[in-house]
Enquirer: 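One structure is given below, represented as structure tokens, and several questions about it will come after.
Everything quoted here is computed from the prediction, not taken from an experiment.
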Amino acid sequence: MIHIDEGIKKLNPSLSLGILIYRESSISDSPNELKEGITAFIDDLKFNYLNGKWQQIAGIEEWRQAFRRLGIDPSRYRPSSESLIRRIMQDKPMYWVNSAVDINNFFSIQYSLPMGIYHESQIKGNITLRLGREGESYEGLNGRQTSAEGKLVLCDEIGPFGSPVVDSTRTMITENSKDILQVIYSITDDPSELQQKCEKVSQCFLKINGGILKQINITT
């Protein structure tokens, strides 16, 4: 079960989550076909924004405004989608992690939406999207201990494990991950639009990683 805290919904009524759950996945290094497709898309994106106005990409300002409404400074704590796009526009190399994370990052760039992908077996109990509480923290994928206080975080009965900014090492995807939870953090008034994005993401994920799509769900 995944739900969004009511306090967050009052401040951001259009916030919704696209939830995808996979079973029996086979994670490995990304095949060359996938890397070449992602690289071609990135090259096109950089060409289309030679004028440097990439901040105008749809989704970037919407998520910045969502953070501001929650009291989060988006210049200090950037949505992961913006961080990935910013990195690309600075001509820094793409992160290549594995065949699940690379797909997740690619669609985060394409849709300009924060996305997270998690080793579901490391998640305990129900999940809530809420603001972090005083004293809460987790080890982030960026190698730093991350304070969750006042930030938008996904939490289970253990505590925070995911965020539209940076996810935790506790639920990181490795080649041993078989059961996988993928989350699209969306700001939209049209659930059907998010549903279409979920379907496209799942089709690509299954093509590369195999397994079974157990569930697609839209949480509002």
Side-chain angles (χ1 to χ4, degrees), residues 1-9 12 15-28 70 72 77 79-81 95 97-108 113-186 194-195 197-199 201-202 204-206 208-220:
M1 294 290 293
I2 301 177
H3 77 275
I4 302 173
D5 178 78
E6 286 300 320
I8 290 174
K9 286 295 293 183
N12 288 287
L15 176 62
S16 55
L17 301 175
I19 309 298
L20 302 96
I21 297 176
Y22 307 98
R23 293 286 183 265
E24 301 176 21
S25 304
S26 297
I27 310 303
S28 62
L70 294 170
I72 302 168
Y77 303 106
S80 57
S81 47
Y95 294 114
V97 182
N98 58 48
S99 55
V101 175
D102 295 345
I103 287 172
N104 191 76
N105 288 344
F106 165 61
F107 280 105
S108 182
L113 292 174
M115 292 175 57
I117 192 159
Y118 310 103
H119 189 161
E120 192 190 28
S121 301
Q122 300 302 315
I123 299 172
K124 308 300 179 184
N126 293 333
I127 299 170
T128 303
L129 182 68
R130 60 170 173 81
L131 292 179
R133 298 165 183 157
E134 183 178 359
E136 288 186 320
S137 67
Y138 59 91
E139 184 180 350
L141 293 176
N142 54 13
R144 298 193 292 269
Q145 192 67 22
T146 301
S147 171
E149 184 175 351
K151 302 183 183 72
L152 193 59
V153 285
L154 281 176
C155 303
D156 62 3
E157 65 182 33
I158 296 174
F161 68 86
S163 165
V165 176
V166 61
D167 292 320
S168 73
T169 56
R170 169 161 69 96
T171 54
M172 67 185 291
I173 299 295
T174 70
E175 293 187 4
N176 294 321
S177 303
K178 303 296 181 184
D179 298 336
I180 292 173
L181 168 69
Q182 190 170 26
V183 177
I184 303 175
Y185 301 89
S186 178
L194 180 54
Q195 177 74 26
K197 288 181 169 66
C198 287
E199 291 172 356
V201 170
S202 66
C204 182
F205 183 94
L206 294 172
I208 299 298
N209 299 296
I212 300 167
L213 176 64
K214 180 183 177 183
Q215 179 181 333
I216 291 181
N217 185 46
I218 307 299
T219 299
T220 59

Enquirer: Surrounding CD of Glu199 (heavy atoms of other residues, nucleotides or ligands, distance under 6.0 Å), is the total greater than 12?
Expert: yes

Enquirer: Which word best sums up how the rings of Tyr22 and Phe205 line up, parallel for under 30°, tilted for 30 to 60°, or perpendicular for over 60°?
Expert: parallel

Enquirer: Passes salt bridge (charged side-chain N to carboxylate O under 4.0 Å, His left out), Glu120 versus Lys214? Steps please.
Expert: CA-CA 13 Å; Glu120 192 190 28; Lys214 180 183 177 183; over 6 Å; no

Enquirer: Which heavy atom in Gly162 sits nearest to a heavy atom in Tyr185, and how many Å separate them?
Expert: C-OH, 4.2 Å

Enquirer: Between Ile173, Ile19, Ile21, Val201, which is the residue that forms a side-chain contact (heavy atoms from CB on, under 4.5 Å) with Gln182?
Expert: Val201

Enquirer: Could you tell me which non-hydrogen atom of Asp179 sits nearest to which non-hydrogen atom of Glu24, and how far apart they are?
Expert: OD1-N, 3.8 Å

Enquirer: Does the side chain of Asn12 reach to within under 4.5 Å of the side chain of Ile4, using non-hydrogen atoms?
Expert: no

Enquirer: Is the closest side-chain heavy-atom distance between Thr169 and Leu141 below 4.5 Å?
Expert: yes

Enquirer: Flag the pair Leu129 / Ile2 as yes when at least one side-chain heavy-atom distance between them is below 4.5 Å, and no otherwise.
Expert: no

Enquirer: Work out which heavy atom in Val153 is nearest to a heavy atom in Pro160; give both atom names and the distance.
Expert: CB-CB, 4.2 Å

Enquirer: From Ser202 OG over to Lys197 NZ, what is the distance, rounded to the nearest 0.5 angstrom?
Expert: 13.5 Å

Enquirer: Looking at Glu134, I'd like to know if its CD atom is crowded, meaning that more than 12 non-hydrogen atoms belonging to other residues, nucleotides or ligands lie closer than 6.0 Å.
Expert: no

Enquirer: Does the side chain of Val183 reach to within under 4.5 Å of the side chain of Ile127, using non-hydrogen atoms?
Expert: no

Enquirer: When rounded to the nearest 0.5 angstrom, what distance separates CD1 in Ile180 from OH in Tyr118?
Expert: 13.0 Å

Enquirer: Would you indicate whether the side-chain heavy atoms of Phe107 and Ile184 approach each other to under 4.5 Å?
Expert: no

Enquirer: I'd like to check Thr171 versus Asp156 (side-chain heavy atoms, cut-off strictly below 4.5 Å). Are they in contact?
Expert: no

Enquirer: Roughly how far, to the nearest 0.5 Å, is the CG atom of Leu15 from the OG atom of Ser186?
Expert: 8.0 Å

Enquirer: If only atom types and distance count, is the side chain of Thr219 paired as donor or acceptor with the main-chain N or O of His3 below 3.5 Å?
Expert: no

Enquirer: Does some side-chain heavy atom of Gln195 sit less than 4.5 Å from a side-chain heavy atom of Ile216?
Expert: yes

Enquirer: How far does CG of Asn176 sit from NE2 of His119, to the nearest 0.5 angstrom?
Expert: 7.5 Å

Enquirer: Compare every heavy atom of Lys151 with every heavy atom of Ile72, then report the nearest pair and how far apart it is.
Expert: CD1-CA, 4.0 Å

Enquirer: Can you check whether Asn98 reaches Thr174 side chain to side chain, under 4.5 Å on heavy atoms?
Expert: no

Enquirer: Give me the atom names and distance for the closest heavy-atom approach of Gly18 to Cys198.
Expert: CA-SG, 3.7 Å

Enquirer: I'd like to know whether Ser99 forms a side-chain hydrogen bond (donor to acceptor under 3.5 Å, both in side chains) with Asn209, so could you lay out the CA-CA distance, the side-chain angles of the two residues, the decisive distance to 0.1 Å, and finally the verdict.
Expert: CA-CA 7 Å; Ser99 55; Asn209 299 296; 2.5 Å; yes

Enquirer: Rounded to the nearest 0.5 Å, what separation is found between the OG1 atom of Thr220 and the CG atom of Asn217?
Expert: 9.0 Å

Enquirer: Look at the side chain of Ser25 and the backbone N and O of Ile27, then say whether any donor-acceptor pair between them is shorter than 3.5 Å.
Expert: no

Enquirer: Rounded to the nearest 0.5 Å, what separation is found between the OG atom of Ser163 and the OH atom of Tyr77?
Expert: 10.5 Å

Enquirer: Donor-acceptor pair, distance only, cut-off 3.5 Å: does the side chain of Ser108 make one with the backbone of Leu113?
Expert: yes

Enquirer: Closest approach of Gly159 and Arg170, non-hydrogen atoms and distance?
Expert: O-NH2, 3.3 Å

